[in-house]
Amino acid sequence: MADNDSVLAAARQWKGARLALATVVSTWGSAPRPRGSHMLVHEDGRFEGSVSGGCVESDILATAAAVIAGEPAQLKRYGVADAAAWEVGLPCGGEIEVLVQPVADSGYPFEIFDLIEEARQQGTVFSVSTELSSYRTTPGVMDGAFVNHYPPPRRLIIVGAVQIAQALAGLARELGIAVTVIDPRARFLTEERFPGVALDDRWPDDAITALRPDPASAVVTLSHDIKIDDPALIAALSSGAGYVGALGSRRSHAARVERLQAAGLDDAAIARIDAPVGLDIGAVGPAEIALSIAAAMVQAFHGRG
């Protein structure tokens, strides 16, 4: 799954300008970016996103400038065997094909960006198809075409405005994940402690129900207060959240399981909880614990948990 959030955000900002969109449509070997990865190029030379991590971006920018100037869409192939491999190629040994289209009805219609945004805000995946014979992109899934899927934006809902939450919120933001911190305790939940993060002082079950976690959402309880964490977990396990984690030792989680069973949750629902939360990396201190949680969350988002 390609991460195109920054490209989609740039498209909204650059609406009305002449643009070109580069898309990785095929990969072989150790390609640096997955199929579906985008790079959006503005007519003034600005760009957002990446198709190779830096190996071929200069050539893509030149091709995009030509497409913006009126040349037709182009399908470019790059690999280590290219004659100019060390100038425009992939020294890592992989190969990629990149389609560079105008953002126009003859290529990638701008209205598709609006449709993607609408679907993502509703928590649904939006798919588009590109015919590699005509280089035209249309909404929906078509047989024989290159199909790209745009999942909802990733979200992290943290319950408990504690020190670990401060570190975890910062890591998540660096990963491009939108963060909401929930805590009914006003002294904990302050903008000074959580700059640039959405804050919600409702009771956790009410807040989580209103936020409607989807498969691109993670819910992590960190307060260590059962009056706060347990209602949050019950609400999270009743949602479509892709990852649910809870801070605490194995002993405290065993007690938590008994409470959740008494509250009516079945074993299958309770088994969704990652507890003790995070990957076992021998973490010590809030920052390292936050790192282990972030890693487990990303692992779950990629379906490898």
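Quick caveat: nothing in here was measured; it's all calculated off a predicted structure.
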Are the side chains of L291 and L171 in contact, using a 4.5 Å heavy-atom criterion? yes

ILVMFWY network linking V257 to I234, side-chain heavy atoms under 4.5 angstrom: yes

Starting from L21, can I reach L8 by hopping between I/L/V/M/F/W/Y residues whose side chains sit under 4.5 Å apart? yes

If you group Ile, Leu, Val, Met, Phe, Trp and Tyr by side-chain heavy-atom gaps below 4.5 Å, do V244 and V220 land in one group? no

Any donor-acceptor N/O pair, E288 side chain to A283 backbone, under 3.5 Å: no

Can you tell me how far the NE2 atom of H42 sits from the CG atom of L61, to the nearest 0.5 Å? 13.5 Å

Scan side-chain atoms only and decide if H253 and R256 contain a donor-acceptor pair under the 3.5 Å cut-off. yes

Here the pair of heavy atoms bringing V51 nearest to V24 is O-CG2, 3.5 Å

For L189, does its backbone N or O pair with a side-chain atom of D183 as donor and acceptor, under 3.5 Å? no

Could you state the interatomic distance from CG (D105) to CZ (R136), rounded to the nearest 0.5 Å? 7.0 Å

Rounded distance (nearest 0.5 Å) linking atom CG of D274 with atom CE of M297: 11.5 Å

Heavy-atom pair with the smallest gap, counting every atom of P139 and F126: CB-CZ, 3.8 Å

Carboxylate-amine/guanidinium proximity below 4.0 Å for R77 and E95: yes

Under 3.5 Å: donor-acceptor pair, side chain of S129, backbone of M142: yes

So which heavy atom on D5 is nearest to which on G176, and how close? OD2-O, 3.9 Å

If every non-hydrogen atom of A165 is compared with every non-hydrogen atom of I158, which pair is closest and at what distance? CB-CG2, 3.6 Å

NZ/NE/NH1/NH2 to OD/OE distance under 4.0 Å, D114 and K15: yes

Using distance alone, with no hydrogens and no angle criterion, decide if T63 and Q74 have a side-chain donor and acceptor under 3.5 Å apart. no

Checking V7 against M39 for the side-chain contact (heavy atoms from CB on, under 4.5 Å) test, could you report, in this order, the C-alpha distance in whole Å, the side-chain angles of both residues, the deciding distance, and whether it holds? CA-CA 7 Å; V7 170; M39 178 176 168; 5.9 Å; no

Between Q101 and A22, is there a donor-acceptor pair closer than 3.5 Å when you use the side chain of the first and the backbone of the second? no

side-chain contact (heavy atoms from CB on, under 4.5 Å), that's the test. Do I293 and I164 meet it? Break it down for me. CA-CA 10 Å; I293 297 171; I164 295 172; 4.1 Å; yes

Quick check for you: to the nearest 0.5 Å, what is the distance between Q299 atom CD and Y243 atom OH? 8.5 Å

If I compare all heavy atoms of F110 with all of A11, which pair ends up nearest, and what's the gap? CZ-O, 3.1 Å

From S238 atom OG to L265 atom CG, the distance as rounded to the nearest 0.5 Å: 6.0 Å

Less than 4.5 Å apart, side chain to side chain, heavy atoms only: is that true for R46 and W14? yes

Flag the pair H38 / F47 as yes when their ring centroid distance falls below 6.0 Å, and as no otherwise. no

Under 3.5 Å donor-acceptor, T209 side chain and D206 backbone: no

Pairwise side-chain contact, V25 with T130, heavy-atom cut-off 4.5 Å (strictly under): no

Path from F146 to Y135 over hydrophobic side-chain contacts below 4.5 Å: yes

Indicate whether the side chain of D214 and that of S217 have a donor and an acceptor atom separated by less than 3.5 Å. yes

Taking the six-membered ring for Trp, are Y108 and F113 parallel (under 30°), tilted (30 to 60°) or perpendicular (over 60°)? tilted

Evaluation steps, side-chain contact (heavy atoms from CB on, under 4.5 Å), between V56 and I96: CA-CA 10 Å; V56 304; I96 60 174; 4.3 Å; yes

Minimal heavy-atom distance between G245 and V277, with the atoms involved, is CA-CG2, 3.7 Å

I116 side, atom CD1; E111 side, atom CD - distance, nearest 0.5 Å: 11.0 Å

Pairwise side-chain contact, F301 with I177, heavy-atom cut-off 4.5 Å (strictly under): yes

Do side-chain atoms of Q166 reach the backbone of R193 as a donor and acceptor pair under 3.5 angstrom? yes

Polar contact flag, side-chain donor to acceptor under 3.5 angstrom, D266-Q261: no

Got a salt bridge between R33 and D3, using NZ or NE/NH1/NH2 to carboxylate O under 4.0 Å? no

Taking C-beta and beyond as the side chain, do I208 and P213 meet within less than 4.5 Å on heavy atoms? yes

Consider only side-chain N and O atoms of S50 and E57, and report whether a donor and an acceptor are under 3.5 Å apart. yes

Donor-acceptor contact below 3.5 Å, side chain R35 vs main chain T27: no

With a 3.5 Å cut-off and no angle check, do the side chains of D200 and T180 form a donor-acceptor pair? no

side-chain contact (heavy atoms from CB on, under 4.5 Å) evaluation trace for L211 with R155: CA-CA 10 Å; L211 290 170; R155 295 185 293 161; 4.1 Å; yes

